[in-house]
Amino acid sequence: MAVRPILRLGHPLLREVAAPLGKFDTPELHALVQDLLNTMEASNGAGLAAIQIGVLQRVVIFGLERNSRYPDAEPVPLTVLVNPEIEPLGEDRELGWEGCLSVPGMRGLVPRHRQIRYRGYDQYGQPIDRTVADFHARVVQHECDHLDGILYPDRIEDMRAFGFQDELLASGVLPAAAAVDE
Ligand code: NI
């Protein structure tokens, strides 16, 4: 039960592919989930993948309460998702601002599928099967990318829409509070 250091872009483990879990409801998995929750909360993040704390297992957490700092972000229930699979629904892609706890202080405009179905398990092995859109779909795609060694800057198509948050805010490129760290 600890706040763990978050690996930053450039650390080689962030480029590894994480392995699926074979067992649920184990003391090791519960301890990992608790560390992820504590670490995400301490960083005010909206999502965190196990690989970001150096654990190469297919476990992510995410969630966002309604927050006056992010009035446009819909709330997302706090979720532990193990061995996730994503199925894009439809052809729609949307651009949205993203940040990442492994890329501190920066923001980028990233295309994502607008609507997805995702499936996986919680830490007890209970199945999760949801169809979601918009911010909820974005955060799931961002977190699941981490499990395959992909970070959001890899997905940016126009690198002019990538930079330090304070510079992007000052120049008016980034609308105020338009992104959260995932
Ligand atoms: Ni991230």
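Read the numbers this way: they start at 1 and go in the same order the structure lists the ligands and their atoms. Fair warning: this is a prediction, and the values are worked out from it, not measured in the lab. All residue numbers refer to positions in the sequence shown, counting from 1.
One N or O on the side chain of Q141 and one on the backbone of A137 form a donor-acceptor pair closer than 3.5 Å.
Rounded to the nearest 10 degrees, the angle SG (C100) to the Ni ion (ligand 1) to NE2 (H146) equals 100°. The O atom of E182 and the NE2 atom of H142 meet at the Ni ion (ligand 1) at an angle of about 100°, given to 10°.
Checked against the 6.0 Å centroid criterion, the rings of Y124 and H30 qualify as a close aromatic pair.
Taking 2.8 Å as the criterion, D145 does not count as a coordinating residue of the Ni ion (ligand 1), since none of its N, O or S atoms falls below it.
Ring geometry for H136 versus Y118: interplanar angle of 30 to 60°, hence tilted.
Residue-environment remark: CD (Q34) exceeds the threshold of 12 foreign heavy atoms within 6.0 Å.
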